[in-house]
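Notes follow the structure.
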Amino acid sequence: MEQVRRANKKPLLVIGILSGLIFLSFFISLNTGVSRIAPLDVIKTLAGFGTEKEQLVLFEFRLPRVVIALLIGAGLAVSGAILQGVSQNGLADPGILGINAGAGCAVVLFIFFFQGSAASLSQFSIFVIPFFALLGAFLAALLIYVLAWKKGVAPVRLILVGIGINAAFSAALIIFQLKMTPHDFMQAAIWLAGSIWGTSWSYVWAVLPWIVLLIPFAVYKARYLNVLNLGDQVATGLGVTVEKERGILLFLAVALAGACVAFGGGIAFLGLVAPHLARRLVGPKHEVLIPASALMGALLLLTADTIGRHLLAPSEIPVGLVVSILGAPYFIYLLMKTN
Amino acid sequence: MGAVELKQRKPPQERQQRVASRPFVASCILIGGLVALVLGIGASISLGAADIDLKTVWAAVFQYDPEQTSHQIIHELRMPRALAAALVGAFLAVSGAIMQGMTRNPLASPSIMGVTAGSTFMIAIAFAFFPGTSYIGLMLWSFAGAGMGAALVFAIGSLSRGGVTPVKLALAGTAVGSLLSALSSAIAIHYRVAQDISFWYAGGVAGVQWVSIKLIVPVAIIGLCLALMLARSITILSLGEEVAKGLGQHTALVKGLGTIAVLLLTGAAVSVAGNIGFIGLVIPHITRFLVGVDYRWIMPCAAVLGGLLLVLADIGARLINAPHETPVGAITAMIGVPFFLYLARREGRGW
């Protein structure tokens, strides 16, 4: 507790350090790749003095991917932070609860029914896909909430029901995946393993509004998370309409997860790990915790994506797998520590 | 007074598991189930891309004529498939029954405990680093993986504060499962063996050959015999470890032998059919509900019911979307998930 209070005094420092680290990994990610660009050349190119080839690689391939990784990482982390706050359960995560699987299922159905070939995604469908993902995410969340409801939603029941829903959507996914053409199948499989597949600016424009609108809104609503953590009775006593605020916050978490899954695929554990690490650094107050989680998530996902692209080169490991391999042990550690 | 006492002695449902066993029901299930299983296997052999009538099936089994195409199809493709489904279903169900009896944990079952994920992981390693491993070799890898997965989940559960609650078990299983399958996917992508191990992921008995049945039968017979021998001790153990110790039972020995039986049965099942979930969770619960608490009845009944379920699920896998095959693991999940949710909703009411 003492530690938390001391840490609480320096959230600005933490945010500064995290931003610095993001900046660093941003550059590392930009200069590594199949064709390496020296750090100095990266700066030169960014300033507009690079060769044509460097400009092409940097602006058309690497930069959009890096930006998407940052956005998705931030979105998933904030979604996890809200879910953990609302459910008062440190083990909540959109991936474990099956919200990601719901969104994934909807996207695969969309590709299956409307697209024909996942490779030829039109400009139009890039902007439609997030809505489908949202639909799936909300369906999953609704199912979990309704099935876990029994005179209130006990956190334990919520998680168990979530695991069940996750299994159901995953099974449905397999069935539809196998009905696809081999090419679509591979696309869907790689996407579901969690890989940032859009590497053009139109994907950035499609995901950007969700993140820049929803995260500030989450920060604005953060005080309600603090109050909800005191328990429903205290919160009601303080004049908070508990069910309404809980509903809004859940809506935010699900919307963020859905939008992120649409472009990042099934990335599990990030929404769990990032808020935990952030909480250790800045303490439990959500006004600071949410921005810190967002930065932590962005940093982790960008790092994981860089690792996935280069560690076992030339084969590209989907970022979701890297996150799972790094995040699952941490989750297990948390599991062993909690009562 | 009497009425009050009766009420107190029997709070609804809670005590259902304590109700004495029902040998009559159990015998009916055994006999009826075996008949249904034989019919199911017959149906499984006769249904498919080329429909073959039961008379030909009979002839192919008992007067095999290698000259006839239909006899060949039956002998080389359909029979091993149907038998494998029955065996794998039985193994998984008995394995789940042992786990649930030993740990008194209603969610204990092969797929949730990370056993299948462990098998897949080891098979990925075998394909990536030891290409050309023989079929027996793969089975041994699969066994090793099953052991590793179970050991990991158990270790996490028992090392964690507050002991192994059902929720912890489910979460630990989920985490170990995602970790191991992420690792196997990464290995599969890097070493380009995704095609080879995709079969173990989806799960199914479509391509089973006689040689694999010949391999798993002896292993599994040992496992099944062990399970039946342990049945009485597991019944006692399922009353609680203190009670069992008080009755003079060597609980450590029983648990050790039980674990060996679980590993033999699950390892054999996964090495043949890959990742087929939920049978080991659902069937023991249903069996216990039907026949009571005596594991001497639960084990054989669970074996018969498990075999029957997987044979039927496998027939369904062929018919739902003919001529394409639906992975049978997806079908058992569709059956199992509602059941899992029912168990999850019961959480907080005494287990």
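Residue numbers begin at 1 in each chain, while the letters A, B, ... track the order of the sequences.
The distance from atom CG of B/L171 to atom CG of A/L334, rounded to the nearest 0.5 Å, is 11.0 Å. Separating the CG atom in B/L341 from the CD1 atom in A/I163 is a distance of 11.0 Å, to the nearest 0.5 Å. Taking CG from A/L335 and CD1 from B/I156, the interatomic distance works out to 7.0 Å, rounded to the nearest 0.5 Å.
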For residues 166-175 of chain A, please give each side-chain donor-acceptor pair under 3.5 Å, one per line with the distance, not counting sequence neighbours.
| unit_1 | atom_1 | unit_2 | atom_2 | d |
| --- | --- | --- | --- | --- |
| A/N166 | ND2 | A/G95 | O | 3.1 |
| A/S170 | OG | A/N166 | O | 2.7 |

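Sorted by first and then second residue, the side-chain hydrogen bond (donor to acceptor under 3.5 Å, both in side chains) pairs with a member in residues 94-109 of chain A form an empty list; sequence neighbours excluded.
Between A/P329 and B/L179 the shortest side-chain heavy-atom distance falls below 4.5 Å. Two residues are said to be in side-chain contact when any heavy atoms from C-beta on lie closer than 4.5 Å; B/F340 and A/V161 fail this criterion. Looking at heavy atoms from C-beta onward, B/S185 lies out of side-chain contact with A/I317 at the 4.5 angstrom threshold.
For the residue pair A/S324 and B/A182, the shortest heavy atom distance occurs at CB-CB, 3.7 Å. Between A/L321 and B/A186 the shortest heavy-atom distance is CD1-N, 3.8 Å. Of all non-hydrogen atoms in B/A175 and A/I332, the two that sit nearest each other are CB-CG1, 3.7 Å.
Looking at B/Y191, neither its backbone nor its side chain comes within 4.5 Å of chain A, counting heavy atoms on both sides. For A/Y333, no part sits under 4.5 Å from any heavy atom of chain B, backbone or side chain.
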